[in-house]
Amino acid sequence: MALKPKIAVAVVALVLVGAGFLALRTDDSESTNDEAVVASTDEVQDETERRRRRAADTPDAAPEPVQADPAQADEEPQETPKELLVRTNVPGARVRVEFHHYGGAPDPEPSETVAGEDGTARFSRTAHPTELVQMQVECHAEGYGPEVATTTEDEIEITLEPALLLAGVVRSDNADALEDVALRSTRDLGAETDADGRFSMYVVGDSEVVLNVTHAAHRPTQVTAHAGGAAIDIVLQRGEQISGSVSWPSGDPAVGVRVSSATSKTSANTDADGLYVLTGLLPGEAEIACQGVGGTRSVAAGAAGVHFVLERHGVRLRFADEEGRAFRHVSVWVRATRDGGMVYTSAGSWNHLERGMTFFEEGTTVKVAPSAPGHADEVTKLELTGEPAPHELEVVLRRGSPRGVIALRATDSAGTPLRVVFIDMYDDAGSPVSGWYEREVALDADGRALLEGVPPGELKVAISTTKSTWSAEGYGMRTEDVVRVLADAETPLTAAIRDGGRVRVTARDVRGEVIAPKELRLFREDGKQVWSPFLTVRGPGSYTTALDDPVPVLFGSPVTEGRYRVVAMPGTSQETELDIVIAAGRTEEVDLVIPDAAE
């Protein structure tokens with residue numbers, strides 16, 4: 001059945017969200033569709049901080065400054081019956097709703113109905129043993145482009161826009177109708193052909209559409225079509241194929257491993273016998289790559305018996321509840337280290353869809369830290385040793401767990417007790433602990449507080465005097481301590497917030513006018529970069545990603561006192577730099593004169 005516009009896109013988006021954990025990098029240069037490259041540990045950390053900044057700017061992003069009740073983690077979340085109200089602008093529109101929940105219990109079946117004369121559709125939200133993640137709402141109407149939206153609220157409004165119909169048929173060059181042909185465009189349009197090779201989609205706005213058409217055993221093509229006119233015919237040319245197998249060093253077949261051709265932009269997964277067939281290839285040589293094998297292999301299109309032996313360990317994750325049922329919609333943090341260095345990191349969401357393997361070198365330690373409401377934050381570890389082999393790693397999310405308490409005392413560098421601090425906690429996989437991101441904690445007159453409901457294990461506790469390390473207020477530097485929290489026990493932690501210094505740079509031209517340089521960077525005396533233009537703070541609590549205004553720039557969080565170097569890139573001229581000394585508890589004011597680009 002042909003998919004309507006945006007429906008296929010929504011399905012793909014759900015898959016991509018679920019595959020968020022696979023956005024990663026290993027230390028080799030191999031990159032596949034399951035592995036979005038992360039350039040370095042520093043860049044990963046930068047991206048994590050940028051996400052944290054955005055989360056801090058979102059209302060209600062941080063928990064209220066109250067102490068957690070450990071007993072709450074053991075309570076079974078309940079959802080009382082509710083009603084979902086979907087309002088559309090088209091009476092008689094078809095409305096379909098999918099309900100997605102955390103946990104191993106299956107989601108209820110999708111519900112579908114027709115909007116009434118006022119364009120309103122009503123759905124009953126039945127009780128469910130696990131917490132609601134979201135509802136996906138799809139609306140369709142003849143002559144309108146379909147819309148897909150997600151919500152967690154009890155009411156949602158969806159507007160359908162008038163659209164033109166684009167329909168046609170896809171055939172092979174031997175005149176056979178082709179089923180399951182995918183037609184996609186950059187305008188969020190998508191369709192698939194039925195058993196008769198027919199497709200249809202509604203086009204909103206400009207009637208001209210550029211479609212990328214793909215089908216197994218045929219060469220991909222691109223077609224320009226116009227909606228609102230006669231049905232179009234598309235003919236696909238049959239292509240060459242390459243076949244072969246993939247195995248582990250033990251000789252066992254490797255199942256679900258992807259083999260791909262960059263030259264023809266096609267791929268295939270191995271079956272239960274480790275066999276694959278790449279189809280729809282262009283004539284000539286094809287560069288073939290296999291997951292878990294370094295480099296590519298040049299193979300003539302039409303070749304058979306092309307065999308690969310995997311060179312890395314393969315890890316496939318499965319999340320389950322305590323009854324062994326597949327656990328859906330888990331927030332996951334995955335990190336892999338080897339020889340003391342990080343080779344893989346990823347954070348994202350996971351859903352119930354099947355996942356392929358991720359490949360690692362021998363000697364790698366993989367840590368998986370899942371998180372879901374009402375469940376324990378536990379880290380699962382896997383040591384990869386010996387010759388490459390498959391590893392099916394089941395991660396169990398348990399309801400509640402024993403909790404520990406951190407007995408905190410926080411002072412400034414002079415020993416004066418602090419009254420309010422902000423706390424971040426991370427487990428030994430580097431994953432933020434649920435409920436402990438920029439958590440505001442009130443201290444007593446002696447600077448003490450009990451941090452309750454903390455999961456046991458080795459945790460990194462970061463403490464600062466401002467809500468975000470990106471805030472330009474004050475001079476207190478963020479401190480980090482590693483503590484081992486025991487279940488049902490108090491763990492002492494004393495933190496002294498040291499003072500740092502800041503620098504405010506005013507860039508001027510040779511005539512003394514304030515200008516906006518292309519970039520401003522701050523380096524330590526040893527050459528390590530501290531701040532870049534992407535990490536620049538203009539004023540208290542504000543951020544920027546470009547230096548496009550001629551104003552003084554105050555670099556972000558305070559830094560340790562010492563010698564630094566400010567470097568400016570004015571645009572087309574060479575760098576301009578200045579050595580400075582930053583003292584604790586003060587802001588260094590710097591005028592940086594930048595020559596004209598023409599000089």
Side-chain angles (χ1 to χ4, degrees), residues 1-19 32-34 94 96 98 110 112 136 138 140 145-146 148 165-203 209-225 227 231-244 255-273 275-282 286 301-302 351-356:
M1 183 175 66
L3 293 178
K4 303 303 184 193
K6 295 190 179 178
I7 299 302
V9 175
V11 173
V12 173
L14 184 60
V15 172
L16 290 177
V17 169
T32 70
N33 292 338
D34 279 341
R94 290 177 291 115
R96 182 178 187 271
E98 295 181 4
E112 188 167 341
Q136 180 172 299
E138 303 173 4
H140 309 262
V148 179
L165 178 65
L166 173 62
V169 63
V170 183
R171 297 184 177 88
S172 176
D173 54 5
N174 65 359
D176 290 342
L178 294 177
E179 186 179 5
D180 294 330
V181 177
L183 302 99
R184 301 287 183 267
S185 89
T186 57
R187 291 173 55 187
D188 288 347
L189 301 175
E192 292 181 1
T193 57
D194 60 18
D196 297 320
R198 300 188 179 278
F199 71 92
S200 64
M201 63 179 71
Y202 282 100
V203 180
V209 179
V210 178
L211 297 173
N212 294 305
V213 187
T214 57
H215 182 262
H218 289 76
R219 302 179 198 171
T221 189
Q222 192 174 82
V223 176
T224 300
I232 63 173
D233 287 333
I234 301 174
V235 177
L236 295 182
Q237 300 295 318
R238 284 168 291 181
E240 303 290 341
Q241 70 178 37
I242 295 174
S243 61
V255 181
V257 176
R258 187 173 58 256
V259 181
S260 59
S261 168
T263 49
S264 295
K265 297 182 179 179
T266 185
S267 65
N269 290 335
T270 56
D271 61 16
D273 297 318
L275 304 177
Y276 71 91
V277 179
L278 289 175
T279 59
L281 300 173
L282 298 172
N351 60 33
H352 62 281
L353 300 176
E354 289 295 326
R355 297 285 161 231

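Everything numeric here is computed off the predicted structure, so don't read it as measured data. When a residue number appears, it is its place in the shown sequence, counting from 1. The analysis underlying the following values was restricted to heavy atoms, covering all of them including side chains, and did not include hydrogens, waters or symmetry mates.
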Heavy-atom closest contact ([X] atom, [Y] atom, distance):
X    : Y    : value
A191 : M201 : CB-CE, 3.6 Å
G280 : P220 : O-CD, 4.0 Å
P146 : Y202 : CD-CB, 4.4 Å
T224 : V210 : OG1-CG2, 3.9 Å
V169 : D196 : CG2-O, 3.7 Å
A231 : G168 : CB-CA, 4.1 Å

Starting at [atom1] of [X], measure out to [atom2] of [Y] and round the result to the nearest 0.5 Å.
X    : Y    : atom1 : atom2 : answer
L178 : D194 : CG    : CG    : 11.5 Å
N212 : S185 : CG    : OG    : 8.0 Å
E138 : E98  : CD    : CD    : 6.0 Å
R171 : R198 : CZ    : CZ    : 7.0 Å
T214 : E192 : OG1   : CD    : 8.5 Å

Exercise. Hey, does the side chain of T270 reach the backbone of V257 with a donor-acceptor pair shorter than 3.5 angstrom?
Worked result: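 Yes, T270 side chain to V257 backbone: donor-acceptor pair under 3.5 Å.
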
Exercise. Picking from H215, Q241, E240, what satisfies side-chain contact (heavy atoms from CB on, under 4.5 Å) with T279?
Worked result: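 Of all the options given, the one that passes is Q241.
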
Exercise. Per the side-chain contact (heavy atoms from CB on, under 4.5 Å) rule, which among L211, L189, L166 passes with L183?
Worked result: L211

Problem set entry | side chain to side chain contact (heavy atoms under 4.5 Å, CB included) between R187 and V203, worked out | CA-CA 9 Å; R187 291 173 55 187; V203 180; 3.4 Å; yes

Exercise. L236 and V170: side chain to side chain contact (heavy atoms under 4.5 Å, CB included), yes or no, with the steps?
Worked result: CA-CA 7 Å; L236 295 182; V170 183; 4.0 Å; yes

Problem set entry | Those residues that, when tested against R238, pass side chain to side chain contact (heavy atoms under 4.5 Å, CB included) (two or more places apart) |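 Testing R238 for side chain to side chain contact (heavy atoms under 4.5 Å, CB included), a comparison that skips the adjacent residues, returns S172, D173, N174, H218.
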
For this session: Starting from the C-alpha separation in whole Å, work towards a yes-or-no answer on side chain to side chain contact (heavy atoms under 4.5 Å, CB included) for S261 and I242.
Result: CA-CA 10 Å; S261 168; I242 295 174; over 6 Å; no

Exercise. Can you find a heavy atom in the side chain of L282 that is under 4.5 Å from one in the side chain of T263?
Worked result: no

